[in-house]
Undergrad: 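Take a look at the following structure, please.
Just so it is clear, the values below take in all heavy atoms, side chains as well, and ignore hydrogens, waters and symmetry mates. Residue numbers begin at 1 in each chain, while the letters A, B, ... track the order of the sequences.
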Protein chains: 2
Amino acid sequence: MQNILRDERPAIALDTASTAGIIGYRLRRAQLSVFQKFLATFDTLKLRPADYSVLVLIADNPGRKQTEIAEVLGIKRANFVTLVHGLEDRGLVERTPSSTDKRANALHLTTEGVAFLAHARRVHEAMEQELIDRLGGDKERTQLLALLDQLT
Amino acid sequence: MQNILRDERPAIALDTASTAGIIGYRLRRAQLSVFQKFLATFDTLKLRPADYSVLVLIADNPGRKQTEIAEVLGIKRANFVTLVHGLEDRGLVERTPSSTDKRANALHLTTEGVAFLAHARRVHEAMEQELIDRLGGDKERTQLLALLDQLT
DNA sequence: TATTGTTATACTCTATAACTATA
DNA sequence: TATAGTTATAGAGTATAACAATA
């Protein structure tokens, strides 16, 4: 019986039964854990979760205006400005004035953005598969998403 | 066929299939939703999720030092100072110098803190039950917690 | 009048470095 | 030397108000 801890007299573990039973608490811890994994995985690509979701949404909905993309992601349009400008400065996103509404910017991926996202999607797919493996398989993933949906 | 939206020509819904399939994204949205509910529920009690978890943990582990409570919650001890001082200023928590270690503060709930937490626990239990109902029952709650555990 | 993108700003949360007093 | 509590500070993320151009 070896002591894993450095401590000579390891403290008695705390009673965390109450917090462990709280759905919101467990949700938060799981979300932080998954986001940490995302940040580590995408560290070299300099992509944060919000950036990735924006790129994906623009790719799947080309030509939409900032407000539409922002709103569906739950991002305030004021905060979306900095985010999308950052992606534009990196040459991934194009903001072209809308032909039908001179106030609006139509969002598109650049050629570089398309290639970048293709790579990012592959990286993400590997990470996602690892999460699915941890859950136990596709059935469990579907179960989880359904349960999360009922909370949202 | 009535149009639910105010818009005369409602925009075509965005394709959100890609983001909807991302575990981390769905986790984040669910967590935000549950936390919003918590904030609304505890608005009058002026309790944030972190405050509540700290009170619960001190109640279940009286006499522990700040670092221990902070660490198990994943809060940096530097940030924990403001949090626990706030609870002390409200008369809910007592910071008494430890008898065995003059550097450490032993944390306890005050009499007022015990009563306050008893009330908060009842309020929280009602909220938790509502979440369980949304999930479909205790079996689904257990399922969700198990799945979240595998991600953490 | 209302909306789009924008700027400015403030508040919360989180992270790090450095100090003091004790161990 | 290392640890507990603390302070200061900086960086994200998020929220609101207000403005110019346009609808």
Side-chain angles (χ1 to χ4, degrees), chain A residues 5-11 28-29 31-33 35-36 38-40 42-43 46-54 63-89 93-107, chain B residues 5-11 28-29 31-33 35-36 38-40 42-43 46-54 63-89 93-107:
Chain A
L5 301 172
R6 301 270 181 78
D7 248 328
E8 299 175 24
R9 27 156 203 160
R28 175 69 174 155
R29 299 302 293 246
Q31 181 258 311
L32 282 174
S33 176
F35 267 46
Q36 278 307 115
F38 187 103
L39 289 172
F42 285 90
D43 183 49
K46 298 281 171 249
L47 257 206
R48 299 171 164 287
D51 299 321
Y52 181 67
S53 63
V54 167
R64 293 296 190 137
K65 52 187 177 184
Q66 295 186 190
T67 307
E68 291 179 302
I69 302 288
E71 205 218 342
V72 77
L73 288 173
I75 301 174
K76 296 265 175 286
R77 72 185 195 281
N79 297 325
F80 193 75
V81 172
T82 325
L83 205 167
V84 80
H85 283 201
L87 296 172
E88 190 186 32
D89 290 347
V93 165
E94 211 178 23
R95 274 162 57 249
T96 57
S98 163
S99 51
T100 58
D101 186 339
K102 285 187 182 174
R103 298 169 302 179
N105 292 332
L107 298 179
Chain B
L5 303 170
R6 302 268 180 78
D7 249 327
E8 297 174 24
R9 27 156 204 160
R28 175 69 174 154
R29 299 303 293 248
Q31 182 258 310
L32 281 174
S33 177
F35 267 46
Q36 278 306 114
F38 187 102
L39 289 173
F42 285 90
D43 183 50
K46 299 282 170 246
L47 256 206
R48 299 172 164 287
D51 299 322
Y52 181 67
S53 63
V54 167
R64 293 295 190 137
K65 52 187 177 184
Q66 293 184 193
T67 307
E68 292 179 301
I69 302 289
E71 205 219 343
V72 77
L73 288 172
I75 301 174
K76 297 264 175 286
R77 72 184 195 282
N79 297 324
F80 192 75
V81 173
T82 326
L83 206 166
V84 80
H85 284 202
L87 296 173
E88 190 185 32
D89 290 347
V93 165
E94 210 178 24
R95 275 163 57 248
T96 58
S98 163
S99 50
T100 58
D101 186 338
K102 285 187 183 175
R103 297 170 301 179
N105 292 330
L107 298 180

Undergrad: I need the A/Leu39 CG to A/Lys46 NZ distance, nearest 0.5 Å.
TA: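 Nearest 0.5 Å value for the CG-NZ distance: 10.5 Å.
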Undergrad: Find out whether A/Arg28 and B/Arg28 are in side-chain contact, i.e. whether some heavy atom of one side chain is under 4.5 Å from a heavy atom of the other.
TA: yes
Undergrad: I want to confirm an ordering. Mapping B/Leu32 and B/Lys65 to their closest nucleotides on DNA chain D, which one lands closer to the 5' end?
TA: B/Lys65
Undergrad: Please verify the inter-ring angle class for B/Phe42 with B/Phe38; under 30° counts as parallel, over 60° as perpendicular, anything in between as tilted.
TA: parallel
Undergrad: From the set C/dT16, C/dC13, D/dG5, return the single nucleotide nearest to any side-chain atom of B/Asn105.
TA: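 Between C/dT16, C/dC13, D/dG5, the one nearest the side chain of B/Asn105 would be D/dG5.
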Undergrad: If every non-hydrogen atom of B/Ala70 is compared with every non-hydrogen atom of B/Arg77, which pair is closest and at what distance?
TA: CB-CA, 4.4 Å
Undergrad: Whole-Å distance between C/dT16 C1' and B/Phe80 CZ?
TA: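 Whole-Å distance recorded here is 19 Å.
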Undergrad: CG of B/Leu39 versus C1' of D/dT14: gap in Å, rounded?
TA: 13 Å
Undergrad: Quick one: are B/Arg95 and B/Gln66 in side-chain contact, heavy atoms under 4.5 Å?
TA: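 The answer is yes, as the side chains (C-beta and beyond) meet within the 4.5 Å cut-off.
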Undergrad: Taking only nitrogen or oxygen atoms into account, show me every contact under 3.5 Å that the protein makes with nucleotides 7-10 of chain D, one pair per line with its distance.
TA:
none

Undergrad: In whole angstroms, how far is the C1' atom of D/dG13 from the CG atom of A/Leu73?
TA: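 Going from CG in A/Leu73 over to C1' in D/dG13 covers 14 Å.
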Undergrad: Testing the basics here: between A/Phe80 and A/Leu107, what is the closest heavy-atom pair and its distance to 0.1 Å?
TA: CE2-CD1, 4.0 Å
Undergrad: From the options D/dG5, C/dT6, C/dA15, select the nucleotide whose nearest atom is closest to the side chain of A/Arg95.
TA: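 When the side chain of A/Arg95 is considered, C/dT6 is the closest of D/dG5, C/dT6, C/dA15.
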Undergrad: A/Glu68 has an atom CD; how far is it from atom C1' of C/dG5, in whole Å?
TA: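 Whole-Å distance recorded here is 14 Å.
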Undergrad: Expressed in angstrom and rounded to an integer, what is the separation of A/Glu71 atom CD from D/dA15 atom C1'?
TA: 16 Å
Undergrad: Figure out the CZ/P separation between B/Arg48 and C/dT14, and round it to whole Å.
TA: 11 Å
Undergrad: Is there side-chain contact between A/Ile69 and A/Leu73, with at least one heavy-atom pair below 4.5 Å?
TA: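 A/Ile69 vs A/Leu73: side chains touch.
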Undergrad: What is the separation between atom CG on B/Leu107 and atom C1' on D/dG5, rounded to the nearest whole Å?
TA: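 The answer, rounded to whole Å, is 11 Å.
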Undergrad: Using a cut-off of less than 4.0 Å, is there contact between a side-chain N or O of B/Thr67 and OP1 or OP2 of D/dG5?
TA: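 Yes.
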Undergrad: A/Lys102 near the nucleic acid: base, sugar-phosphate alone, or nothing, with a heavy-atom cut-off under 4.0 Å?
TA: sugar-phosphate
Undergrad: Classify B/Arg64 by what it touches in the nucleic acid, base, sugar-phosphate, or nothing, heavy-atom distance under 4.0 Å.
TA: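 Touches nothing.
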Undergrad: To the nearest Å, how far apart are A/Phe38 CZ and D/dG13 P?
TA: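 Taking CZ of A/Phe38 and P of D/dG13, I get 12 Å after rounding.
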Undergrad: How do B/Ile75 and B/Asp101 order along DNA chain C: which one's closest nucleotide is nearer the 5' end?
TA: B/Ile75
Undergrad: Looking at the side chain of A/Arg103, which of C/dT22, C/dT4, D/dG5 is the nearest nucleotide?
TA: C/dT4
